[in-house]
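Below is one structure, written out as structure tokens; the observations come after it.
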Amino acid sequence: MRKLLMLSSHIPDPRIIKRLNSLNKFFDESHLLYWERDFGNGFSFAGIEGVISESISTTSDPSLVKRILEDRKLREKTINKILTYDPDVIYISGVELLWAIKKVPFKRKPIIILEIADLPANTHISKLGFFGKSLEKILINVVKEVPDYYVITSPGFYHGYYEKYGFDKNKFFVFENVPQKNIFKTFEINPEKIMNKEKLVIGYIGAVAYYSSLKTLFEACNNIENVEIVIAGKGPDSEKVENEAKKYKNVKVLGRYNYEQDISRLYSMVDVVYSLYNVDNYNVKLALPNKLYEAIVCGKPIIVAKDTYLEEYVKELGVGFSAPYKDVDALKALIEDIYNNREKLSDISRKCMEIRNDYFYETVEEEFLKWLEQIYFLYNRK
């Protein structure tokens with residue numbers, strides 16, 4: 001009987017819920033153990049049919065120091081829980097959990113798979129100077145030592161980071177942040193619609209962070225006639241963004257939404273997707289956000305930051321535009337050009353229609369399950 005334990009150092013977010021549903025198709029028995037952190041994103045978890053879930057209580061959004069102090073106690077509780085499961089595979093989201101795995105006295109070692117959606121502690125590493133470099137070295141060592149395999153959400157994470165530390169490429173599976181087809185199955189792309197619209201609506205849809213980037217957008221669109229901005233979502237910068245938005249007549253803040261129920265409707269409201277983040281953060285330079293794929297399957301052009309792996313990806317596919325981070329004048333010039341040359345948006349919508357089926361979750365899931373079967377087969381031959 002195939003038995004799975006998923007460990008998460010945070011409340012399961014939409015990505016983890018999708019992944020667990022996929023894993024549950026392969027295993028006969030699935031368990032989830034997670035720490036009750038949401039890092040200010042407002043996530044809640046109601047359980048998954050067919051998965052036995054258990055949580056460990058902790059601070060929802062701790063400071064770095066508090067997080068480090070809490071982690072030790074949480075790891076001890078996690079070790080005791082792991083011993084009761086006896087899984088064939090442990091699938092991990094959250095590098096903190098690797099120290100717990102190191103200390104578990106397994107009778108039969110399971111396959112350890114680590115999913116990396118963001119480079120671990122990258123924000124802290126970039127801010128902490130010498131201590132940050134020491135922290136990075138510790139993290140690289142444990143990430144290289146403990147897992148048997150890795151799932152990453154951007155090819156840039158391997159080519160731009162882990163490759164230079166000598167990680168084996170054959171141990172990586174790339175599972176990008178693509179959306180589920182059933183959520184967008186009724187979404188209709190109409191490339192001609194944008195040609196006749198008086199207003200151009202730019203949308204930021206997702207966890208509200210990167211305040212400075214959104215402030216740049218507000219300033220760039222200020223006093224541009226017939227350009228509106230829609231912000232939908234909740235996150236650590238929600239309050240700052242809401243207060244900033246009050247200064248502008250053309251900005252609407254819609255707040256929290258239910259992903260499965262509302263996401264298709266929200267994308268139907270916008271003409272261009274804004275996904276321009278802080279390039280001072282090395283993780284941002286390499287990551288590929290879910291907004292990219294949602295924009296593609298909805299036929300919406302996307303604006304991203306220059307000098308990022310995301311820009312390379314968008315240019316290669318021909319699905320959007322780029323602008324320098326925090327450059328109000330350059331962003332304003334780009335938006336005015338888009339507004340006055342609607343055929344560019346229409347052409348991108350047609351391009352998206354051609355490739356959208358390659359960017360649905362179900363397409364990648366099939367490849368993921370085949371990969372999982374291969375490594376499971378190799379494990380059982382030992």
Side-chain angles (χ1 to χ4, degrees), residues 123 126-127 156 194-195 197-233 235-254 267 269-289 291-292 294-295 300-349 351:
T123 300
S126 62
K127 292 179 178 179
I194 188 64
M195 301 299 294
K197 284 190 67 177
E198 181 181 3
K199 291 184 178 181
L200 181 74
V201 181
I202 300 172
Y204 177 95
I205 302 170
V208 179
Y210 304 104
Y211 161 76
S212 60
S213 178
L214 288 171
K215 186 173 184 289
T216 300
L217 176 64
F218 298 167
E219 292 175 354
C221 294
N222 192 29
N223 298 323
I224 301 181
E225 191 176 358
N226 291 326
V227 172
E228 292 184 352
I229 299 169
V230 170
I231 309 294
D237 286 347
S238 288
E239 186 175 349
K240 289 171 69 177
V241 169
E242 287 173 10
N243 289 334
E244 183 67 25
K246 292 174 183 177
K247 303 175 185 178
Y248 304 89
K249 294 180 180 179
N250 61 338
V251 179
K252 295 180 182 178
V253 179
L254 305 181
Y267 272 95
M269 294 169 58
V270 307
D271 304 307
V272 178
V273 176
Y274 185 74
S275 186
L276 199 160
Y277 298 144
N278 182 358
V279 296
D280 297 335
N281 185 311
Y282 194 62
N283 183 74
V284 172
K285 281 181 172 287
L286 300 178
L288 295 177
K291 292 181 185 65
L292 166 65
E294 291 165 350
K300 307 292 182 177
I302 188 168
I303 298 175
V304 303
K306 279 188 175 293
D307 302 321
T308 61
Y309 182 74
L310 176 57
E311 181 193 26
E312 294 176 25
Y313 201 100
V314 165
K315 284 188 173 181
E316 183 177 343
L317 292 179
V319 296
F321 312 93
S322 63
Y325 172 62
K326 288 181 74 173
D327 189 328
V328 174
D329 292 336
L331 183 59
K332 182 176 182 178
L334 172 63
I335 291 169
E336 288 178 332
D337 180 63
I338 292 171
Y339 180 83
N340 293 317
N341 296 279
R342 304 295 183 89
E343 67 277 1
K344 293 182 179 181
L345 304 184
S346 185
D347 289 344
I348 289 175
S349 286
K351 177 65 177 179

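Here the structure is a predicted model, which is why all the values come from computation and not from measurement.
Looking at Glu219 and Lys215, a side-chain N of the basic residue comes within less than 4.0 Å of a carboxylate O on the acidic one, giving a salt bridge. In summary, Asp307 and Lys285 do not engage in a salt bridge, as defined by a charged side-chain N under 4.0 Å from a carboxylate O. Remark: Lys306 does not engage Asp327 in a salt bridge, criterion side-chain N to carboxylate O under 4.0 Å. Between Glu311 and Lys315 there is a salt bridge, with a side-chain nitrogen of the basic residue lying less than 4.0 Å from a carboxylate oxygen of the acidic one.
Panel note: side chain Asn340, backbone Glu336; a donor-acceptor pair is recorded below 3.5 Å. Remark: the backbone N or O of Tyr210 is not paired with any side-chain donor or acceptor of Ser213 at under 3.5 angstrom. No side-chain donor-acceptor contact under 3.5 Å links Asn341 to the backbone of Glu343.
For the side chain to side chain contact (heavy atoms under 4.5 Å, CB included) with Ile231, the qualifying choice from Leu254, Leu214, Ile202 is Leu214, the only one to do so. With Ile224 as reference, Val227 is the one residue of Val227, Asn222, Asn226 to meet the side chain to side chain contact (heavy atoms under 4.5 Å, CB included) rule.
Summarising the geometry, atom CD1 belonging to Ile335 is positioned 8.0 Å from atom CG belonging to Leu200; distances are rounded to the nearest 0.5 Å.
Using the six-membered ring where Trp is involved, Tyr277 and Tyr204 have ring planes that are perpendicular, over 60° apart on the 30 and 60° scheme.
With 3.5 Å as the limit, one finds a donor-acceptor pair spanning the side chains of Tyr325 and Ser212.
Counting only heavy atoms from C-beta outward, the side chains of Tyr339 and Glu225 never approach each other to under 4.5 Å.
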